[in-house]
Amino acid sequence: NGQDPEVTGSPTEKAILSWGLKLGMRFNDTRTKSSILHVFPFNSEKKRGGVAVHLGGSESEVHIHWKGAAEIILDSCKSWLAADGSKHSMTPEKISEFKKFIEDMAASSLRCVAFAYRTYEMVDVPSEDRRADWILPEDDLIMLGIVGIKDPCRPGVKDSVRLCAAAGIKVRMVTGDNLQTARAIALECGILSDPNVSEPVIIEGKAFRALSDLEREEAAEKISVMGRSSPNDKLLLVKALRKRGHVVAVTGDGTNDAPALHEADIGLSMGIQGTEVAKESSDIIILDDNFASVVRVVRWGRSVYANIQKFIQFQLTVNVAALIINVVAAVSSGNVPLNAVQLLWVNLIMDTLGALALATEPPTDHLMQRPPVGRREPLITNVMWRNLIIMALFQVIVLLTLNFRGTSLLQLKNDNQAHADKVKNTFIFNTFVLCQVFNEFNARKPDELNIFKGITGNHLFMAIVAITVVLQALIVEFLGKFTSTTRLTWQLWLVSIGLAFFSWPLAFVGKLIPVPERPLGDFFACCCPGSKQAADAKGDDADHSDV
């Protein structure tokens, strides 16, 4: 209708048909002069697809066309067609010439596709009711031509691969292309850095398939690129890596990828090119079919995990400090400095406002510089234990000192006993809450010295901190009857803020203290044989991920 023709099919078919249109080919004319007898869809195992066509001439004129991996089609050819249409025998010299073309195109990261056909007698074609089981002949083909298709890397893929490597994620490419094409593409997108690598870093699917189970597991550790692979090879690679304890993520778009997607720890299917079977077998659907989105998935996944850890560290610090202060005070004097209403307010800061503030931290580049977390690594790390113990000890020492010596330290000896105790307890409550506010900043960056990095980008965090401080001031100054507190002088407010402020330099110094890499639980496991076996199982667990 005068508009640009619409090309449909697989990406490979669309590329070839679009090139044909640019050459001026008239596909509709060809189709009207012929009829399709039988189609053999592209098979990822055989790396080829075929079609039997009945031409419009004599009744016996049938052509069987094949399209597929260039070197595989070439092996089935006995002759070739020149540009003038003349037919020539496929000599060893001509085979070498064609192979040189294929190798040169593959070295330029071109996917090589060959076209060939053969004639067939119409009388030998099965009848329509038996044609569904007809196996198209694949021998004595006539080479028509070889094309090189460029499948360019998307912008940003090389950077994404580099980010994955820095994050401890090894990216492995499993492709149906031949080894030369796979090597060139892997070099282009950064999966390989050395063009001269050999087996098992770059391996062919049939070679990997032929290995024993133990050899396959050992080779899987080293493989970066697998060429001429079948979907079953991808499944074997996934199984081998998982047996070695790796956390494996697999990307795929075809129906044949479904077993590997299902077997992997995380299956990532393509939202645009992916089949429904692949999508149903996967855990995550990449809507834009872009590898860079996988990096975003990793970044956000790590961010959620890190935010949970931040909140746990913050929550445990509050709980431990409040528990020890009240228990020690109750046992020693029979009175507790923090009453039920005050603890309710502390819980509100800790559970609701604290969770909102810390759980909404956006992902940072620092997360992609950490190694992956092992399957059985403890949620509370040694770094968290260090931060928690330092902050809890500081708060306990300060507040217990105030509880037992607060009357003299705050110069309240001249007041009557009841008023002095009320001021002291209010001061303890105020200092305790302000300590949590300052510690909330420390919890943002458990393993970084600069706790203010990126803080201006988290408006919710700043708002929650401001709301907490304002509400604390209102509770102390105006809601004394409700919380059993009394108003504090501005001098006591400054002292309270000063004591809480000391959390920052203390946390800074504390982060300079090195912690052992071995989880604390493993040290305690040495005392119990059953626990030691569990610890040994953890030690066998690998700490990296694979995509």
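Source: prediction; values computed, not measured. All values below were derived from every heavy atom in this structure, side-chain atoms included, with hydrogens, water molecules and symmetry-related copies excluded.
- Side-chain contact check for Lys150 and Ser109: at least one donor-acceptor pair (N or O, by modelled atom type) lies under 3.5 Å.
- A 4.5 Å side-chain heavy-atom check between Leu179 and Arg228 finds every atom pair outside the cut-off.
- Between Arg444 and Glu361 there is a salt bridge, since a side-chain N of the basic residue sits under 4.0 Å from a carboxylate O of the acidic one.
- Side chain of Asp75 to backbone of Ile72: no donor-acceptor contact under 3.5 angstrom is found.
- Here Ile272 pairs with Asp289 under the side chain to side chain contact (heavy atoms under 4.5 Å, CB included) rule; sequence neighbours left out.
- With contacts defined as side-chain heavy-atom distances shorter than 4.5 Å, the pair Val437/Val465 qualifies.
- Evaluation of the salt bridge (charged side-chain N to carboxylate O under 4.0 Å, His left out) rule for Arg162 yields Asp159 as partners, not counting sequence neighbours.
- For CD1 of Ile135, the number of neighbouring non-hydrogen atoms (other residues, nucleotides, ligands) closer than 6.0 Å is 12 at most.
- Contact check for Ile464 versus Thr360: no side-chain heavy atoms found under the 4.5 Å cut-off.
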- [ ] Go through Ile102 and Leu74 one step at a time and tell me if the side chain to side chain contact (heavy atoms under 4.5 Å, CB included) criterion holds.
- [x] CA-CA 10 Å; Ile102 294 168; Leu74 180 61; 4.1 Å; yes

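- Side chain of Asn458 to backbone of Phe461: a donor-acceptor contact under 3.5 angstrom is found.
- A salt bridge links Arg370 to Asp447: one of the charged nitrogens lies within less than 4.0 Å of a carboxylate oxygen.
- One finds no salt bridge joining Lys511 and Glu448 here, because no Lys/Arg side-chain nitrogen approaches an Asp/Glu carboxylate oxygen to under 4.0 Å.
- How far CD1 of Ile380 is from CG of Asn387: 12.0 Å, rounded to the nearest 0.5 Å.
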TODO: Would you sort out whether Glu13 and Lys67 count as a salt bridge (Lys or Arg N to Asp or Glu O under 4.0 Å), showing the intermediate values?
DONE: CA-CA 10 Å; Glu13 291 169 338; Lys67 171 194 75 192; 3.3 Å; yes

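- A donor-acceptor contact shorter than 3.5 Å is absent between the side chain of Asp253 and the backbone of Gln273.
- Within the model, atoms CD of Gln180 and CG of Asp104 stand 10.0 Å from one another, a figure rounded to the nearest 0.5 Å.
- Taking 4.0 Å as the cut-off between side-chain N and carboxylate O, Glu276 and Lys279 count as a salt-bridged pair.
- With respect to the salt-bridge test (charged N to carboxylate O, under 4.0 angstrom), the residues Arg242 and Glu263 qualify.
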TODO: Would you please test Phe42 and Ser10 for side chain to side chain contact (heavy atoms under 4.5 Å, CB included) and show each step?
DONE: CA-CA 10 Å; Phe42 180 82; Ser10 69; over 6 Å; no

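- More than 12 heavy atoms of other shown residues, nucleotides or ligands fall within 6.0 angstrom of atom CG in Leu512.
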Task: Evaluation steps, side chain to side chain contact (heavy atoms under 4.5 Å, CB included), between Ile169 and Val298 - done: CA-CA 10 Å; Ile169 301 168; Val298 174; 3.7 Å; yes

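- The two residues Val297 and Ile284 come nearest to each other via the heavy atoms CG1-CD1, 3.8 Å.
- Counting all heavy atoms, side chain and backbone alike, Leu241 lies closest to Ala220 at CD2-O, 3.6 Å.
- Relative orientation of the Phe452 and Phe441 rings is tilted, given thresholds of 30° and 60° on the angle between their planes.
- Considering every non-hydrogen atom in both Thr275 and Gly254, the closest pair reads OG1-C, 3.6 Å.
- One N or O on the side chain of Lys47 and one on the backbone of Ser229 form a donor-acceptor pair closer than 3.5 Å.
- Between Leu358 and Asn307, every side-chain heavy-atom pair lies at or beyond the 4.5 Å cut-off.
- Atom NZ of Lys22 and atom CG of Leu17 lie 12.5 Å apart (nearest 0.5 Å).
- A pairwise comparison of heavy atoms in Ile203 and Pro200 identifies CB-O, 4.2 Å as the closest pair.
- Using a 4.5 Å heavy-atom cutoff, the side chains of Arg386 and Asn382 are not in contact.
- Residues meeting the ring-ring contact (aromatic ring centres under 6.0 Å, His included) test with Phe40, sequence neighbours left out: Trp66.
- Comment: Arg48 engages Glu138 in a salt bridge, judged by a side-chain N to carboxylate O separation of less than 4.0 angstrom.
- A heavy-atom distance below 4.5 Å is not found between the side chains of Pro446 and Gln309.
- Between Phe291 and Cys164 the shortest side-chain heavy-atom distance falls below 4.5 Å.
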TODO: Could you give me the CA-CA distance, side-chain angles and deciding distance for His38 and Ile36, then say whether side chain to side chain contact (heavy atoms under 4.5 Å, CB included) is met?
DONE: CA-CA 6 Å; His38 182 61; Ile36 294 174; over 6 Å; no

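- Proximity of a side-chain donor or acceptor of Glu215 to a complementary backbone N or O of Ser212 within less than 3.5 Å is detected.
- By the salt bridge (charged side-chain N to carboxylate O under 4.0 Å, His left out) test, Arg111 pairs with Asp151, Asp177, sequence neighbours left out.
- One finds the CD atom of Glu440 at 6.0 Å from the OG1 atom of Thr468 (value rounded to the nearest 0.5 Å).
- Glu199 and Ala207 get closest at one heavy-atom pair: OE2-CB, 4.1 Å.
- Side chain of Ser282 to backbone of Leu261: no donor-acceptor contact under 3.5 angstrom is found.
- Under a cut-off of 6.0 angstrom, the local environment of CH2 in Trp134 is crowded, with over 12 non-hydrogen atoms contributed by other residues, nucleotides or ligands.
- Ionic pairing of Arg244 and Glu217 is present here: one or more N-O contacts between side-chain nitrogen and carboxylate oxygen are shorter than 4.0 angstrom.
- Between His65 and Tyr117, the ring-plane angle classifies as parallel under the 30° and 60° cut-offs.
- Taking OG1 from Thr175 and CZ from Arg183, the interatomic distance works out to 14.0 Å, rounded to the nearest 0.5 Å.
- Within 6.0 Å of atom CG in Asp194, more than 12 heavy atoms from other residues, nucleotides or ligands are found, so the atom counts as buried in its surroundings.
- To the nearest 0.5 Å, the span separating CD1 on Ile467 from CE on Met462 amounts to 12.0 Å.
- The two residues Ile146 and Met143 make their nearest non-hydrogen contact at CG1-SD, 4.1 Å.
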TODO: Verify salt bridge (Lys or Arg N to Asp or Glu O under 4.0 Å) between Asp233 and Arg216, making sure each step is shown before the conclusion.
DONE: CA-CA 11 Å; Asp233 295 331; Arg216 199 178 295 135; over 6 Å; no

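- Remark: the Asn178 side chain and the Thr181 side chain contain an N/O donor-acceptor pair separated by less than 3.5 Å.
- Remark: Phe311 engages no residue in a ring-ring contact (aromatic ring centres under 6.0 Å, His included) (not counting sequence neighbours).
- With sequence neighbours excluded, the residues that form a side chain to side chain contact (heavy atoms under 4.5 Å, CB included) with Pro363 are Arg299, Trp300, Ser303, Leu367.
- Proximity of Arg172 to Ser224: side-chain heavy atoms (C-beta onward) are nowhere separated by under 4.5 Å.
- In the model, Ser503 has no side-chain atom that pairs as donor or acceptor with a side-chain atom of Asn439 under 3.5 Å.
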